[in-house]
Protein chains: 2
Amino acid sequence: MALDKILLGLLHEPKSGYDLKAEFDEGMAHFWSADQSQIYATLKRLEDGRLLTSESRPSSRGPARRVYRRTAAGRRLLQEWLAGGPQVKESRMPYLAQLALMSELPEADAAGHHAARVRADFEQRLALLQAMQQRLFVDEGVTGPEELSGRTLHEYCTIRHGVLRLTALIQWCDESIQLLARKKRARA
Amino acid sequence: MALDKILLGLLHEPKSGYDLKAEFDEGMAHFWSADQSQIYATLKRLEDGRLLTSESRPSSRGPARRVYRRTAAGRRLLQEWLAGGPQVKESRMPYLAQLALMSELPEADAAGHHAARVRADFEQRLALLQAMQQRLFVDEGVTGPEELSGRTLHEYCTIRHGVLRLTALIQWCDESIQLLARKKRARA
DNA sequence: TGTCACATGTAAGACGTTACATGATTTT
DNA sequence: AAAATCATGTAACGTCTTACATGTGACA
């Protein structure tokens, strides 16, 4: 599965399951999520498959940490995945399924109301991403993406993906709200 | 699960599992997918829960069809789902995870190449959606979305969602390709 | 006679979420 | 003394995909 390779990729330097969970919640939340229990289970499976090794290390605070590092085989698997072409698949969008079925509700502009609520959600997410982008620039001490490179540049690209996507979707909400409201007026 | 309600919604008139599968593959593929076996299993479960009833009907060609229709309870459940607010959650995007980890590959512009391949994929999908939109207009005998209403208008909105989204993502690809290529030149 | 479209299902396994269980150290 | 953070794990359940199995009727 994809999570296998993502963990392998994040383990360019040795980390614990706890560290990895934190990375998911911080920098990857906008395009990938993974449960803590899933991460631990997957790490164990990867170790069984000799793609990772682990050792227990005392922690400065709290219980001992199991620190994983990838093997040559692990790195190879990751590289094959990366070189094997982009994995693009349409994902499920429940809010669109809801919109498609909105004519089941008796209210006149249920769909428009729905779109307005979706818009509010998107705006929140967009604000988070824009803050992330700012933080990235500050952390790296740069003023624009041209000064970034390597991992950081790639991270910028993923943030930018979210920004452009959400901006377009907010436009879509506005357009839909208008279109659906016009319909409502026309019927009245 | 969401599939429950989507099936309930598509069953505004009686249909068989086969019909439903066809609907998923035609009009919903751009925001939802469902396997044939999952559809049949879900229909059975919904019938067990008294949200659907079914009867076997002879088919004009092929074996008998099991035709489902929803009960009052089924309709109620659907309406609650629709009125309960939009379900927006970030989905997993493997191609972005790949991009984020691309610095693991030795090639200079692996990420740019990746983005270019993603772009090609998006363009194909966009062309399909634009064709769908055209077909919708022709089928309904209209020249613009203002003349649509009800289910058809909502369907138009979901198509438009895909069009705006993909257009923005193609722009993102172009921007990323440029940015990543500039980096490559700067290093050379 | 073969193959396409119609039509329904089972089984196994992969993947993901939620809830629970445990316990140390640091901060308030 | 309580709460937050650090840290790892198990169990149960729910969802989704892949593969397999079966059979009819139409058409070439």
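Since the structure is predicted, the reported quantities are computational estimates derived from the model, not experimental observations. First the proteins, then the strands, lettered A, B, ... as listed; each starts at 1. Side chains are part of it too, since the values below use all heavy atoms of this structure and drop only hydrogens, waters and symmetry mates.
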message: As a quick check of understanding, evaluate side chain to side chain contact (heavy atoms under 4.5 Å, CB included) for Arg165(A) and Leu169(B), giving each step before the final call.
response: CA-CA 6 Å; Arg165(A) 176 177 149 272; Leu169(B) 292 184; 4.0 Å; yes
task: Tell me whether the centres of the aromatic rings in Tyr68(A) and Tyr40(A) are closer together than 6.0 Å.
output: no
- prompt: Does a nitrogen or oxygen in the side chain of Tyr40(A) sit under 4.0 Å from OP1 or OP2 of dG9(D)?
  reply: no
- request: Give Ala34(B) one of three labels, base, sugar-phosphate or nothing, depending on what nucleic acid heavy atoms sit under 4.0 Å from its own.
  value: nothing
- line: note: Gln38(A), atom CD; dC16(D), atom P; distance rounded to Å ~ 14 Å
message: Assess the residue pair Phe137(B) and Tyr156(B) against the criterion (ring pair (Phe, Tyr, Trp, His ring centres under 6.0 Å)); give the C-alpha distance rounded to whole Å, side-chain angles, the decisive distance to 0.1 Å, and a yes or no.
response: CA-CA 9 Å; Phe137(B) 285 173; Tyr156(B) 169 80; 5.8 Å; yes
- prompt: If you check every side-chain atom of Ser16(A), which of dT8(D), dA7(C), dT17(C) has the closest atom?
  reply: dT8(D)
task: Take the protein atom CD of Gln36(A) and the nucleotide atom P of dC15(C), then report the distance between them rounded to whole Å.
output: 19 Å
- request: Measure distances between side-chain N and O atoms of Ser59(A) and base N and O atoms of dT25(C), and say whether any donor-acceptor pair falls under 3.5 Å.
  value: no
task: Using heavy atoms to find the nearest nucleotide of DNA chain D for Arg65(A) and Ala41(A) separately, return the residue whose nucleotide is more 5′.
output: Arg65(A)
- prompt: Whole-Å distance between dT18(D) P and Asp35(B) CG?
  reply: 7 Å
- request: Would you indicate, yes or no, if dT10(C) has its OP1 or OP2 atom less than 4.0 angstrom from a side-chain nitrogen or oxygen of Ser37(B)?
  value: no
d(CD1, Ile39(A); P, dG9(D)) in whole Å: 13 Å
task: Please answer whether the main-chain N or O of Leu77(B) pairs with a side-chain N or O of Lys5(B) as donor and acceptor at a distance below 3.5 Å.
output: no
- prompt: CZ of Arg66(B) versus C1' of dT10(C): gap in Å, rounded?
  reply: 16 Å
query: Given atom OH of Tyr18(B) and atom P of dT22(D), what is their separation to the nearest angstrom?
result: 20 Å
message: Using whole Å, what does the distance between atom P of nucleotide dC16(D) and atom CG of Asp4(B) come to?
response: 9 Å
- request: Choose from dG9(C), dA7(C), dG16(C) the nucleotide whose nearest atom is closest to any side-chain atom of Lys44(B).
  value: dG9(C)
- prompt: Taking the six-membered ring for Trp, are the ring centroids of Phe24(A) and Phe31(A) within less than 6.0 Å of each other?
  reply: no
message: So Arg57(A), base contact, sugar-phosphate only, or nothing? Heavy-atom distance under 4.0 Å.
response: nothing
Length of the CG-C1' vector between Leu46(B) and dT15(D), whole Å: 14 Å
message: With nearest nucleotide decided by heavy atoms, which residue, Arg92(B) or Gly17(B), maps closer to the 5′ end of DNA chain C?
response: Gly17(B)
